[in-house]
Amino acid sequence: MAGLELLSDQGFRLDGRRPHELRKIECRMGVFAQADGSAYIEQGNTKVLAAVYGPHEMRGSKSRGLHHKVLINCQYSMATFSTGERKRRPRGDRKSQEMTLHLKQTFEAAIMTQLYPRSQIDIFVEVLQADGGNYSTCVNAATLALVDAGIPLKDYVCACTTGFVNDTPMVDISFVEESLGGPQLTVAVLPKSEQIVLLEMASRLHVDYLNKVLKTAVKGCKDVYVILDEVVRNHVAQIASSVGSE
Amino acid sequence: MVKEVITAKCEQDFIIESVKADKRIDGRELNESRVMHITFGKTRGCVLCTLGNTRVLSQVSCEMSMPKAAHPTEGSIHINVELSPMASPVFEAGRSSDLGIELTRVLEKCIRDSHCVDLEALCIVAGEKVWSLRVDVHVMNHDGNLAECAAISAVSSLHHFRRPEVTVAGADVTVHSVEEHDPIPLSLHHIPVCVTFALFNSGQQVIADPTEAEELASEGRVVVGVNAHQEICMMHISGCTPLQKEQVQRFVELAVNRAKYVTESIKTNLQHDEQNRSSKNLVGFAKDLQTDKILAVQIRPQRVFVPPPQVSTEETVSTDKEVEMTDEISPPEKEVKVLLYGPKTAGIGEGGASQWETVDLSIEDNITTSVEKNIDLSYDDESEEEVVTLGAEDLQIESRESDKNDKAKQRLSRGWYAKDAFFGGW
């Protein structure tokens with residue numbers, strides 16, 4: 001495996017983290033003026049921008065509107081400079097289309113869609129730098145943007161990608177850990193009820209280990225939740241103080 | 001713009017309500033899958049898999065190409081999913097829909113990313129020539145659970161495929177034809193199988209192998225890719241119903257059981273095909289064409305004209321008036337024999353002999369096994385039961401007394417598919 005040891009004998013990962021340790025998360029809300037809600041998040045070196053428009057009237061053909069719930073329109077794109085090798089197409093390739101689809105499925109389960117029939121909510125996410133856990137970072141960013149836009153959610157949606165090396169689940173894996181193979185489990189969770197809205201797994205993992213990895217992944221999501229919640233509270237407090245209320 | 005299948009609200013509600021009562025519209029148990037058939041084509045790597053009414057055909061092909069710079073000693077595998085417009089009114093030609101993308105990614109994850117095919121074994125000259133495999137998956141009919149059917153089809157076609165033998169002498173690469181050298185099978189590590197579940201009742205109830213109607217009525221879908229070694233190769237859960245961790249465990253357990261059965265069945269089918277090929281028996285789809293049965297087995301009450309019977313067992317009924325099956329008569333289902341084909345599988349009647357074109361072939365059968373019908377003549381007070389045996393003449397086949405020469409000629413004239421389709425193999 002290229003001479004790299006993903007987990008040292010002392011129990012440290014390549015970047016010096018413990019297996020259950022998340023990367024440093026930094027985020028800001030309300031980064032765009034035009035959008036109804038926006039957020040910027042950094043998880044380690046993975047950087048994602050998210051913008052939310054809506055709920056608004058149907059754009060394009062009106063017949064796409066759903067009579068019993070809101071239509072969620074997602075777009076996942078990766079900046080051409082986000083990866084080591086320059087990307088030719090920022091979106092439209094099969095992986096991006098799949099990501100788009102997964103984002104849509106995730107937020108359809110989390111947004112209270114029945115409140116806005118015949119309307120549309122647009123969620124745009126752009127990966128500025130890809131260093132592993134792209135999907136989870138995008139979900140976290142989109143959640144913050146949705147909160148910023150004031151769209152009713154059942155709960156925060158927090159996502160986390162977990163790897164599995166030497167019988168040890170490793171939370172929030174980076175690009176190097178991702179690319180060296182091994183199973184990867186991505187979950188998007190509503191943290192308060194611990195309900196899973198999206199679960200995605202690739203590569204091979206024995207059934208017996210599933211529970212262990214899943215537990216770690218859900219724990220990782222709850223850790224993300226704590227951070228996101230704090231950011232949201234600070235942001236709201238700041239806005240409240242700037243408009244003069246207590 | 002993509003059209004969507006529209007189902008009536010009442011139909012969806014009916015499905016949801018019946019699942020709540022542990023019932024399904026097609027009479028299956030909640031965790032029961034539809035009958036699966038794997039049929040191998042005449043060419044290597046061609047497989048038709050059917051799961052109920054869902055049909056998927058896949059074909060593997062290979063060509064020599066340059067390897068990627070990052071992996072100079074590895075061949076490649078490309079999966080292409082074609083949702084043909086004939087499979088469903090929703091599918092459009094030449095457009096990759098969400099379903100198409102999802103299905104492609106499911107297969108890619110299940111087969112390519114789980115390292116099912118040994119890619120290093122596809123290397124011919126390191127850094128210069130490798131085999132690149134292409135799996136074309138064609139959906140022929142969509143009746144739900146495409147992922148499972150497509151995965152079975154794709155994996156079995158990879159197992160069925162043989163690539164040509166090559167010899168490398170210095171810089172020369174010779175590809176041997178089929179006649180020169182027996183082609184060699186791919187080296188596969190395991191058989192990954194996808195299993196689909198549909199979620200109902202806010203995730204409390206799961207049904208295995210959903211049909212299209214059930215998929216549309218469901219709250220979410222779970223696709224689990226497992227192999228016989230109990231390894232999860234891929235998993236995808238999505239939908240509008242959040243789940244608990246314990247439920248995920250349950251799906252995986254169910255999927256593992258199903259995968260065991262499916263892999264066994266793939267293996268026995270492959271063995272069977274191998275035996276047929278080595279013993280020069282019929283291979284290819286031709287042998288599976290049934291010409292002596294019609295497919296519809298439904299019987300509706302209708303007016304029938306019963307001519308004066310010539311043969312009878314106990315009592316001759318000498319009436320030539322029209323017998324009307326009215327509402328008073330017990331429904332005809334009761335008179336038709338119920339045939340048990342296996343556990344939980346039964347049919348009503350055999351459908352009778354086909355009267356289409358190939359009718360001449362089955363004349364002999366008609367004469368020997370005449371159709372028996374019990375007609376309840378309940379307009380009589382005593383309501384006797386009469387057994388009327390209908391001979392072949394009742395089926396209005398005129399040329400029943402065909403001599404053997406004639407029949408032989410007809411046999412020969414049955415050439416609407418290639419003759420050598422019967423004798424396959426390399």
Side-chain angles (χ1 to χ4, degrees), chain A residues 60-61 63-64 66 68-69 85 92-111 113-114 154-155 157 164 179 181 183-190 192-211 213-215 217-219, chain B residues 1-4 9 69-70 79-81 96-106 108-110 112-116 189-190 192 202-203 219-227 229-249 251-253 255-256 259:
Chain A
S61 91
S63 59
R64 274 164 71 227
L66 306 167
H68 60 293
K69 61 178 184 182
E85 224 172 290
D93 60 322
R94 211 180 283 155
K95 275 211 171 129
S96 311
Q97 281 179 305
E98 189 202 16
M99 287 291 190
T100 305
L101 208 66
H102 287 173
L103 280 176
K104 191 178 164 191
Q105 286 169 344
T106 309
F107 286 104
E108 266 178 2
I111 293 175
T113 50
Q114 74 280 6
K154 287 178 190 154
D155 194 358
V157 198
F164 190 68
S179 54
Q184 273 177 43
L185 184 92
T186 306
V187 275
V189 167
L190 305 179
K192 275 190 194 131
S193 51
E194 283 198 29
Q195 284 179 317
I196 297 164
V197 281
L198 187 118
L199 190 151
E200 185 63 44
M201 216 201 83
S203 202
R204 274 189 281 170
L205 174 71
H206 196 275
V207 170
D208 296 351
Y209 297 125
L210 176 71
N211 205 11
V213 181
L214 193 57
K215 227 166 134 182
V218 173
K219 177 75 177 47
Chain B
M1 212 200 92
V2 186
K3 288 175 283 177
E4 271 186 41
K9 183 87 168 69
I79 296 168
N80 178 38
V81 177
S96 60
S97 57
D98 284 357
L99 184 72
I101 296 161
E102 203 179 320
L103 192 57
T104 314
R105 285 296 297 156
V106 162
E108 273 180 359
K109 272 186 232 163
C110 189
R112 196 180 61 189
D113 300 352
S114 72
H115 307 293
C116 156
H189 296 305
H190 59 113
S202 51
E219 293 163 348
R221 261 186 305 154
V222 180
V223 184
V224 189
V226 212
N227 63 18
H229 313 301
Q230 302 202 354
E231 284 167 327
I232 306 164
C233 304
M234 62 114 344
M235 181 148 59
H236 178 68
I237 298 177
S238 66
C240 297
T241 176
L243 292 169
Q244 294 290 338
K245 272 186 291 188
E246 295 72 31
Q247 286 167 294
V248 177
Q249 289 273 308
F251 302 138
V252 173
E253 276 165 32
V256 165

Report yes if the side chains of [X] and [Y] come closer than 4.5 Å at any heavy-atom pair, otherwise no.
{"X": "B:S114", "Y": "B:H190", "answer": "yes"}
{"X": "B:S202", "Y": "B:E219", "answer": "yes"}
{"X": "B:R105", "Y": "A:E200", "answer": "no"}

Practice item. Would you kindly say whether A:H206 and B:E231 are connected by a side-chain donor-acceptor distance under 3.5 Å? Key: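 Absent: no donor and acceptor within the cut-off.
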In terms of relative ring orientation, are A:F164 and A:Y209 parallel, tilted or perpendicular, with 30° and 60° separating the classes?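 If you compare the ring of A:F164 with that of A:Y209, the planes turn out tilted.
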Q.
Among A:T186, A:L185, A:L199, A:T113, which residue has the highest count of heavy-atom pairs closer than 4.5 Å to chain B?
A.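 If we count pairs closer than 4.5 Å to chain B, A:L199 comes out on top.
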Looking at A:D208, A:L210, A:V187, A:V218, which makes the most heavy-atom pairs under 4.5 Å with chain B?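 Answer, by heavy-atom pair count under 4.5 Å with chain B: A:L210.
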Under 4.5 Å from a heavy atom of chain A, the part of [X] involved:
{"X": "B:H229", "value": "backbone"}
{"X": "B:K245", "value": "both"}
{"X": "B:I232", "value": "both"}
{"X": "B:E108", "value": "side chain"}

Which atoms of A:L190 are under 4.5 Å from chain B, going by heavy atoms: the side chain, the backbone, both sets, or neither?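 The answer is the side chain of A:L190.
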Q) Does any heavy atom of chain B fall under 4.5 Å from the side chain of A:L198, the backbone, both, or neither of them? A)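 Backbone plus side chain of A:L198, per the 4.5 Å heavy-atom cut-off to chain B.
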message: Whether B:K109 and A:E98 form a salt bridge (side-chain N of Lys/Arg under 4.0 Å from carboxylate O of Asp/Glu) is what I want to check.
response: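 Salt bridge flag = yes for B:K109 with A:E98.
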